[in-house]
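Worksheet: one structure, shown below.
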Amino acid sequence: MFSELQDLSGTFSVADIVLSLVISFALSMMVGYVYRATHRNVSYSQSYVQTLVIIGVIVAMILLVVGSNLARAFSLVGALSVVRFRNAIKETRDVGFIFLVMGLGMACGARFYALAVIAGITICVIILVMHKFNMFQLNVQRQVVKVQVPAGEDHTQVIQDVLIDFTNEFELVSTESIRGGALTEVFYTVRLKKGREPGALVEALRERTMGQRVTVLTGYDQTDL
């Protein structure tokens, strides 16, 4: 019985296995360092970067298993379809890095080594250039204004009169009842006029809303009275 078992590893050489895994690992490591160097926000995750490297190597291994066998490819697709991922991707660019390491792993597993190396280096250089020159940045600073007013009274016009004076544009985001219905809290996104300060906006709004709480969020700064 055991004599009938066949090792299909002979369809590719040990050198192919080593090259595929080593090159995919090296390229995935390069992508991981590029991701770390170009990450701007506070949501950086070491676990995510390590996962990128693991994905690159695993995809290379899967492509070695599949080879040119169509039936084997469909079998693997069916087996992998039972996997479910619950973690939400925090940033859109993170999805791009996942596809990048998967593409590099596929190229290495298919033994397109030159393609994998050239494409990996080229794409990483493009990412670094976009990061260096801060390409596609939209330099529009917006603030969030949160105003609490007594329930049962319509302060919309009063608030908007102040916003017209202090901002170039504003938009009502939401209105909700708080403190058991005693207060109404409204949220606006605004773009302050040049020379206007958040503190002055807070004071102007408090004068019109009988001293209720007003909050202006500007990036990571918060003016709250």
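Note that the structure is predicted; figures quoted are calculated from it, not measured.
- Clustering ILVMFWY residues whenever any of their side-chain heavy atoms sit less than 4.5 angstrom apart, transitively, puts F25 in a cluster other than the one holding I118.
- The nearest pair of heavy atoms linking R111 to S20 is CG-OG, 4.0 Å.
- What you find for E197 and L192 is that their closest heavy atoms are C-CD1, 4.3 Å.
- Listed by chain and residue number, R142 satisfy the side chain to side chain donor-acceptor pair (under 3.5 Å) test with T189 (two or more places apart in sequence, or in another chain).
- Residues in residues 93-118 take part in these ring pair (Phe, Tyr, Trp, His ring centres under 6.0 Å) pairs, two or more places apart or across chains: Y35-F97.
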If you apply the rule side-chain hydrogen bond (donor to acceptor under 3.5 Å, both in side chains), what do you find for E91 with S43, and how did you get there? CA-CA 9 Å; E91 297 183 32; S43 59; 2.9 Å; yes

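- With sequence neighbours excluded, the residues that form a side chain to side chain contact (heavy atoms under 4.5 Å, CB included) with V158 are R208.
- Residues Y188 and V173 form no side-chain contact, since every pair of their non-hydrogen atoms from C-beta on lies 4.5 Å or further apart.
- The closest side-chain heavy-atom distance from L128 to V34 is below 4.5 Å.
- Distance CZ/F136 to CG/N134: 11.0 Å, rounded to 0.5 Å.
- With sequence neighbours excluded, the residues satisfying side chain to side chain contact (heavy atoms under 4.5 Å, CB included) with V14 are V18.
- Every residue was checked against the salt bridge (charged side-chain N to carboxylate O under 4.0 Å, His left out) condition with R36, not counting sequence neighbours, and none meets it.
- Nearest heavy-atom pair, I23 versus C108, reported as atom, atom and distance to 0.1 Å: CG2-SG, 3.6 Å.
- You'll find the side chain of R213 stays beyond 4.5 Å of the side chain of R206, heavy atoms only.
- Cluster membership for V31 and I98, using ILVMFWY side-chain heavy atoms within less than 4.5 angstrom, is shared.
- Here the shortest heavy-atom pairing between R191 and Q143 reads CA-OE1, 3.9 Å.
- Under the 3.5 Å distance criterion, the side-chain polar atoms of K193 are matched with a main-chain donor or acceptor of I164.
- For the pair A37 and H131, the tightest heavy-atom approach, listed with the atom from each and the gap, is O-NE2, 3.5 Å.
- Contact annotation: the side chain of V145 never approaches that of I159 to less than 4.5 Å [non-hydrogen atoms, C-beta and beyond].
- In this structure, the side chain to side chain contact (heavy atoms under 4.5 Å, CB included) partners of A204, at least two apart in sequence or on a different chain, are V162, F166.
- Under a hydrophobic-cluster definition in which Ile, Leu, Val, Met, Phe, Trp and Tyr are linked whenever side-chain heavy atoms come within less than 4.5 Å, directly or via other members, M102 and V22 are assigned to different clusters.
- Sorted by first then second residue, the salt bridge (charged side-chain N to carboxylate O under 4.0 Å, His left out) pairs that include residues 42-53, not counting sequence neighbours, number zero.
- For T156, the side chain to side chain donor-acceptor pair (under 3.5 Å) partners two or more places apart in sequence, or in a different chain, are D154.
- Hydrophobic clustering (side-chain heavy atoms under 4.5 Å, transitive across Ile, Leu, Val, Met, Phe, Trp, Tyr) keeps L104 apart from L115.
- A search for side chain to side chain contact (heavy atoms under 4.5 Å, CB included) contacts involving D165 returns R196, not counting sequence neighbours.
- To the nearest 0.5 Å, the span separating NE2 on H155 from CD on Q148 amounts to 12.5 Å.
- L205 approaches V147 most closely through the heavy-atom pair CD1-CG2, 3.9 Å.
- Listed by chain and residue number, nothing satisfies the side chain to side chain donor-acceptor pair (under 3.5 Å) test with E176 (two or more places apart in sequence, or in another chain).
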Donor-acceptor pairs are to be reported for all side-chain atoms of residues 47-65 against protein atoms at under 3.5 Å, with residues two or more places apart or in another chain.
from	atom 1	to	atom 2	distance (Å)
Y48	OH	D94	O	2.4
T51	OG1	S47	O	2.7

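- In this structure, F187 places its CZ atom where more than 12 heavy-atom neighbours from other residues, nucleotides or ligands lie under 6.0 Å away.
- Shown here are the side chain to side chain donor-acceptor pair (under 3.5 Å) partners of Y44, two or more places apart in sequence or in another chain: there are none.
- The hydrophobic cluster containing L183 does not contain V216, counting ILVMFWY residues as joined when their side-chain heavy atoms lie under 4.5 angstrom apart, directly or transitively.
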